[in-house]
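Submitted below is the structure of interest, expressed as structure tokens.
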Number of protein chains: 2
Amino acid sequence: MAMHQKESHNHFKSAVTVDNVIFGFDGKALKVLLIYRGAEPYKDRWALPGDFVPLDENLNQSAIHVLRSLTGLDNIYMEQVHAFGDVNRHPFGRVFTIAYYALIKVEDYQVQASSWAEEAAWFPINEIPELPFDHMEILEFAKQQLRNKIRTQPIGFELLPKHFTLTQIQELYEAVLEREFDTRNFRKKLLSMNLISETGYRQTDVSHRPAMLYKYDTKRYNRFLERGFSFDI
Amino acid sequence: MAMHQKESHNHFKSAVTVDNVIFGFDGKALKVLLIYRGAEPYKDRWALPGDFVPLDENLNQSAIHVLRSLTGLDNIYMEQVHAFGDVNRHPFGRVFTIAYYALIKVEDYQVQASSWAEEAAWFPINEIPELPFDHMEILEFAKQQLRNKIRTQPIGFELLPKHFTLTQIQELYEAVLEREFDTRNFRKKLLSMNLISETGYRQTDVSHRPAMLYKYDTKRYNRFLERGFSFDI
DNA sequence: AAGCATATTGTAAATGATACAACAATTTCC
DNA sequence: GGAAATTGTTGTATCATTTACAATATGCTT
């Protein structure tokens with residue numbers, strides 16, 4: 001990173017954006033929130049939500065900002081995925097992008113007006129339209145990282161309502177990991193981790209035996225972390 | 001990432017650098033290659049090797065370039081770690097950095113003259129001097145990522161000579177993961193993966209029973225990968 | 001030849017993963 | 001009101017993996 005002061009001005013000619021892969025789960029499929037671009041380049045195309053990082057804003061803050069301006073949501077689980085910086089990835093010049101993914105509870109979500117999105121919509125992870133820039137590659141990276149992470153950290157709860165059934169969480173894992181789990185074994189393992197507890201409430205408005213509602217118990221998770229605990233499903 | 005053409009010029013005022021955490025293993029400790037900075041800012045300080053990303057060079061290529069210009073080495077295992085972009089991380093302006101780590105065989109290494117490094121030296125991972133910028137944080141990220149990766153992918157071999165003993169590889173894992181392994185169990189597990197094979201040669205110049213030399217068998221690894229294999233130590 | 005240093009190897013016990021199906025609770029339909 | 005339909009809930013036996021643990025082998029040095 002060394003440089004001579006004289007040379008250094010040549011370097012300050014890049015732009016940096018953040019792009020967010022916003023995941024949601026509707027009880028059936030894993031979905032991604034895309035925006036319909038209202039400005040060039042690639043106007044009128046579905047794309048990942050993102051924006052330039054202002055010179056006076058920290059990178060992470062910028063990612064949070066994009067998420068909030070689109071969804072109105074705060075305090076969301078986000079994680080950086082990868083930086084992409086091929087020379088010609090953006091038609092307007094040298095634009096690096098840092099990709100993040102976010103996990104949101106779709107029930108909490110409502111689209112906000114935004115300067116760069118005319119519209120936003122959820123797309124099932126297996127029915128994504130053609131995306132501009134290198135957004136398809138970014139999405140692949142994010143999906144893979146989500147899969148790795150969800151197997152070793154209890155982040156799946158971020159995609160579920162506060163109160164959820166054991167069937168719901170199993171279906172979430174099956175959707176994300178694209179494999180099936182044996183119900184008895186899945187529940188045995190999940191419950192043995194002592195990370196979720198019964199709420200005492202049950203499902204209502206279902207035309208069959210109502211399932212017990214559970215909640216994720218953050219305190220217990222923190223206690224486990226201190227003891228060097230590792231989550232693995 | 002949308003923008004109006006008129007606004008866009010405001011955004012092209014950032015610089016982007018790559019910083020490399022170059023790991024080596026000398027048979028005893030995990031080490032990191034630092035350079036002694038020959039230019040401002042932070043002249044005459046030990047720091048991670050890095051450089052600005054030229055406008056006409058891909059990001060990944062730039063990381064490879066930094067590594068080669070410092071070590072003369074090519075075809076090295078490298079992986080992106082994380083992007084860092086706090087507003088004030090660099091005194092000369094808004095400079096984002098993308099961190100990479102590399103694994104090299106110290107036997108192959110020889111320092112090259114470089115425009116930005118007066119000197120380079122290996123530092124044991126537990127005896128790192130105070131580093132400028134956010135390099136300490138970058139190093140922590142890289143170390144953590146190396147640990148995660150080395151447990152699930154057979155990348156440890158990148159740090160060893162082509163021919164190595166089972167004791168050497170065990171000591172490498174112990175150094176990186178900062179824990180001890182039971183020799184019998186470690187060997188049993190490693191050999192059961194069928195990723196290394198005997199060379200037929202033995203150690204020489206040791207004043208005790210010479211150990212069998214093994215080599216990493218890439219072909220076998222690739223066959224395993226195709227079948228959906230997972231390495232785990 | 002004895003001593004030193006590291007290399008090499010097996011077994012038993014405990015733990016964790018997998019395979020597998022019957023009964024329970026509620027609603028709906030007749 | 002009872003039968004059918006639908007999903008929820010739970011246990012056990014087998015198999016595979018991980019762990020704990022120490023004696024013998026080989027080459028070198030003196």
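Every heavy atom of this structure was used, including side-chain atoms; hydrogens, water molecules and symmetry mates were not. Below, chain A is the first sequence line, B the second, and so on; all start at residue 1. Computed from a predicted structure; not experimentally measured.
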*A:K31: side-chain hydrogen bond (donor to acceptor under 3.5 Å, both in side chains) partners, not counting sequence neighbours*: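 By the side-chain hydrogen bond (donor to acceptor under 3.5 Å, both in side chains) rule, A:K31 matches A:D26.
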*Between B:D205 (CG) and C:dT6 (C1'), how many Å, whole number?*
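My rounded result for the distance is 16 Å.
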*asked:* Expressed as a whole number of angstroms, how long is the span from B:I233:CD1 to D:dT18:P?
replied: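 It works out to 11 Å between those atoms.
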*Could you label the plane-to-plane angle of the B:F141 and B:H82 rings as parallel, tilted or perpendicular, counting under 30° as parallel and over 60° as perpendicular?*
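Taking B:H82 first and then B:F141, their aromatic rings sit tilted (interplane angle of 30° to 60°).
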*asked:* Whole angstroms only, please: what is the CG-P distance between B:L190 and D:dT18?
replied: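 Atom-to-atom, B:L190 to D:dT18, this comes out as 13 Å.
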*Starting at atom CG of A:L191, determine the distance to atom P of D:dG11, rounded to an integer number of angstrom.*
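Between P of D:dG11 and CG of A:L191: 12 Å.
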Measure all distances between protein nitrogen or oxygen atoms and nitrogen or oxygen atoms of nucleotides 23-27 of chain C, and list the pairs falling under 3.5 Å.
| from | atom 1 | to | atom 2 | distance (Å) |
| --- | --- | --- | --- | --- |
| C:dA24 | N3 | A:R209 | NH1 | 3.0 |
| C:dA25 | O4' | A:R209 | NE | 3.2 |

_Can you tell me how far apart CG (A:L139) and NE2 (A:H135) are? Round to the nearest 0.5 Å._
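These two atoms lie 10.0 Å from each other.
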*Looking for any heavy atom pair under 4.0 Å, which part of the strands does B:T167 touch: base, sugar-phosphate only, or nothing?*
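Sugar-phosphate, backbone atoms only, no base.
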*Are any side-chain N or O atoms of A:T199 and backbone N or O atoms of A:L213, one a donor and one an acceptor, separated by less than 3.5 Å?*
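Checking the backbone N and O of A:L213 against the side chain of A:T199, a donor-acceptor pair under 3.5 Å is found.
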*Over 12 non-hydrogen atoms of neighbours within 6.0 angstrom of NZ in A:K105*: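 It does: A:K105 NZ has more than 12 such atoms within range.
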*For the pair made of CZ in A:F164 and P in D:dG8, what is the distance, rounded to whole Å?*
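Going from CZ in A:F164 over to P in D:dG8 covers 15 Å.
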*To the nearest Å, give me how far apart CD (B:E180) and P (D:dA20) are.*
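So the CD-P distance, B:E180 to D:dA20, works out to 12 Å.
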_Side-chain N,O (B:R187) to OP1/OP2 (C:dT9) below 4.0 Å_ =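 For C:dT9, OP1/OP2 do not have a side-chain N/O of B:R187 under 4.0 Å.
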*Charged N to carboxylate O below 4.0 Å: is that the case for A:E107 and A:K162?*
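Salt bridge between A:E107 and A:K162, a charged N being under 4.0 Å from a carboxylate O: no.
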_A:I169 CD1 - D:dG8 C1' separation (whole Å)_ =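 Result: 16 Å.
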Please list, pair by pair, any protein nitrogen or oxygen found under 3.5 Å from a nitrogen or oxygen in nucleotides 13-20 of chain C.
| from | atom 1 | to | atom 2 | distance (Å) |
| --- | --- | --- | --- | --- |
| C:dA17 | OP1 | A:K189 | NZ | 3.4 |
| C:dT18 | O4 | A:K188 | NZ | 3.4 |
| C:dA19 | N7 | A:N185 | ND2 | 2.9 |
| C:dA19 | N6 | A:N185 | OD1 | 3.1 |
| C:dA19 | N6 | A:K188 | NZ | 3.2 |
| C:dC20 | N1 | A:R184 | NH2 | 3.4 |
| C:dC20 | N3 | A:R184 | NH2 | 3.4 |
| C:dC20 | N4 | A:D182 | OD2 | 3.2 |
| C:dC20 | N4 | A:R184 | NE | 3.3 |

*Do A:F164 and A:Y216 have ring centres separated by under 6.0 Å?*
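When the ring centroids of A:F164 and A:Y216 are compared, they turn out to be at least 6.0 Å apart.
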*asked:* If we check side chain to side chain contact (heavy atoms under 4.5 Å, CB included) with B:L103, which of these qualifies: B:V21, B:L146, B:I22?
replied: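 It is B:L146; the other options fail the test.
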*Can you label the angle between the B:Y173 ring and the B:F231 ring as parallel, tilted or perpendicular, going by 30° and 60°?*
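If you compare the ring of B:Y173 with that of B:F231, the planes turn out tilted.
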